[in-house]
Amino acid sequence: MAELQEVQITEEKPLLPGQTPEVAKEAELAARILLDQGQTHSVETPYGSVTFTVYGTPKPKRPAILTYHDVGLNYKSCFQPLFQFGDMQEIIQNFVRVHVDAPGMEEGAPVFPLGYQYPSLDQLADMIPCILQYLNFSSIIGIGVGAGAYVLSRYALSHPDTVEGLVLINIDPNAKGWMDWAAHKLTGLTSSISEMILGHLFSQEELSGNSELIQKYRNIITHAPNLANIELYWNSYNNRRDLNFERGGDVTLKCPVMLVVGDQAPHEDAVVSREFGAQLLTSSCCLPLFILLPQPGKLTEAFKYFLQGMGYMASSCMTRLSRSRTASLTSAASIDGNRSRSRTLSQSSESGTLPSGPPGHTMEVSC
């Protein structure tokens, strides 16, 4: 019998390439890069197509963070400064994020044809279930700004079982009154769409200062290739209905709510009004939080405590803002809570005194 010889065979294309450490590492790196860049999807709804971008992977027993931007912006121009902030990284590592672009607001969106009927804000809210069904997500924590805050509030009223919490930034829950309409029409005769939208996003003091930030957003809106689409979104916002919260009734937000408003923001009075804010204070499990002069650091810190109050990230590290304080947050909140501020609800409720403890607890973080 001929002597058997051992022959080494090199497989050019392994049957299971994912099992080799090198290939597995490359695949993991490629997947991470893809997740960091986000995966953009579009889904058809009864009111047209909507585009959204997903970052990260779903975490077991945790809701997705879903954002909705304001008029004149898209998800990048509205939320990137916040989610790229250093202390936000711990949060985004623990939650999958879904950034929704209102129809026609996504980058590269074609201009809608003449006569196109843009969805109302109520219809924009009715698109969200299609997104969650597409992604197979059962619940969200919503973060909305301006028009986006209204859309998420309307969605939460219709689908309370799918919303675990809301962060509402500069929300105006009221429809335009006759005086508002008259002022809007008069302004429209003398100002461009971009200037009217800037007046919605910033206070008159900020616009008068014409800072670098104002110039940046004026350039973004004025030279937007989809400015006609932006005008349609703007018109839908101005045609919104009252949210019509019922104090102690069925029409109210059932989830924890964090209210955020900037000092001298255009809709500051609407956010902290007795008609709106006091209704949330008496809602079940609502913990409103008013922030003056919101900045990424302060908003991140507030959001982290908000999540902890909901039972998530209990072992979260302190933010740099917290570490820099010499006094504890509890002591600072106690001192601040005793101060009277005309722009917060810490003064009184409709009955003259806020109820103590949850759900009437108000937390204030000032700059």
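Side chains are part of it too, since the values below use all heavy atoms of this structure and drop only hydrogens, waters and symmetry mates.
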Shortest non-hydrogen contact between [X] and [Y], atoms and distance:
{"X": "Y150", "Y": "L121", "answer": "CD2-CD1, 3.5 Å"}
{"X": "V43", "Y": "C130", "answer": "CG2-O, 4.2 Å"}
{"X": "V50", "Y": "D101", "answer": "CG2-O, 3.6 Å"}
{"X": "S236", "Y": "S120", "answer": "OG-CA, 4.1 Å"}
{"X": "I221", "Y": "G72", "answer": "CG1-O, 3.6 Å"}
{"X": "Y118", "Y": "M105", "answer": "OH-CE, 4.0 Å"}

Kindly indicate whether the side chain of [X], heavy atoms from C-beta on, has any atom under 4.5 Å from the side chain of [Y].
{"X": "F202", "Y": "Y217", "result": "yes"}
{"X": "V260", "Y": "V167", "result": "yes"}
{"X": "F303", "Y": "I143", "result": "yes"}
{"X": "L166", "Y": "I141", "result": "no"}
{"X": "S211", "Y": "I214", "result": "yes"}
{"X": "P63", "Y": "V96", "result": "no"}
{"X": "L243", "Y": "R154", "result": "yes"}
{"X": "K304", "Y": "M88", "result": "no"}

| field | Test ring pair (Phe, Tyr, Trp, His ring centres under 6.0 Å) applied to Y47 - qualifying residues, sequence neighbours left out | value | none
| query | Distance under 6.0 Å and angle within 45° of the ring axis: does R62 meet both against F95? | reply | yes
| said: ring-ring contact (aromatic ring centres under 6.0 Å, His included), that's the test. Do H99 and Y55 meet it? Break it down for me. | reply: CA-CA 8 Å; H99 296 290; Y55 289 84; 5.6 Å; yes
Under 3.5 Å: donor-acceptor pair, side chain of [X], backbone of [Y]:
{"X": "S49", "Y": "T45", "result": "no"}
{"X": "N229", "Y": "F112", "result": "yes"}
{"X": "E106", "Y": "V100", "result": "no"}
{"X": "Y233", "Y": "D70", "result": "no"}
{"X": "E231", "Y": "L227", "result": "no"}
{"X": "N226", "Y": "A109", "result": "no"}
{"X": "N239", "Y": "N235", "result": "yes"}

| message | Assess the residue pair L152 and T67 against the criterion (side chain to side chain contact (heavy atoms under 4.5 Å, CB included)); give the C-alpha distance rounded to whole Å, side-chain angles, the decisive distance to 0.1 Å, and a yes or no. | response | CA-CA 9 Å; L152 291 180; T67 70; over 6 Å; no
Might you confirm whether atom [atom1] of [X] has over 12 heavy atoms from other residues, nucleotides or ligands at distances under 6.0 Å?
{"X": "Q80", "atom1": "CD", "result": "yes"}
{"X": "E212", "atom1": "CD", "result": "no"}
{"X": "K59", "atom1": "NZ", "result": "yes"}

To the nearest 0.5 Å, what is the distance between [atom1] ([X]) and [atom2] ([Y])?
{"X": "K61", "Y": "Y312", "atom1": "NZ", "atom2": "OH", "answer": "10.5 Å"}
{"X": "M313", "Y": "N94", "atom1": "CE", "atom2": "CG", "answer": "5.0 Å"}
{"X": "C78", "Y": "F83", "atom1": "SG", "atom2": "CZ", "answer": "9.5 Å"}
{"X": "Q204", "Y": "L198", "atom1": "CD", "atom2": "CG", "answer": "10.0 Å"}
{"X": "Q123", "Y": "M127", "atom1": "CD", "atom2": "CE", "answer": "7.5 Å"}
{"X": "M196", "Y": "L201", "atom1": "CE", "atom2": "CG", "answer": "12.5 Å"}

| said: If the threshold is 4.0 Å, N to carboxylate O, is there a salt bridge linking D172 and R240? | reply: yes
| Would V145 and F79 satisfy side chain to side chain contact (heavy atoms under 4.5 Å, CB included), going step by step from the backbone distance to the final call? | CA-CA 9 Å; V145 181; F79 291 105; 3.9 Å; yes
Indicate whether any N or O donor in one side chain lies under 3.5 Å from an N or O acceptor in the other, for [X] and [Y].
{"X": "S77", "Y": "N74", "answer": "yes"}
{"X": "N210", "Y": "R218", "answer": "yes"}
{"X": "S192", "Y": "E195", "answer": "no"}

| field | Pair L253-V163, side chain to side chain contact (heavy atoms under 4.5 Å, CB included): steps then yes or no | value | CA-CA 9 Å; L253 297 173; V163 182; over 6 Å; no
Give the table of side-chain donor-acceptor pairs shorter than 3.5 Å for residues 132-139, with sequence neighbours excluded, one pair per line with atom names and distance.
| residue | atom | partner | partner atom | Å |
| --- | --- | --- | --- | --- |
| Y134 | OH | H41 | ND1 | 3.4 |
| S139 | OG | E164 | OE2 | 3.0 |

| Shared hydrophobic cluster, V111 / I197 (ILVMFWY, side-chain heavy atoms < 4.5 Å) | no
| task | Go through the steps for Y155 and D122 under the test side chain to side chain contact (heavy atoms under 4.5 Å, CB included), then give the verdict. | result | CA-CA 8 Å; Y155 170 75; D122 290 11; over 6 Å; no
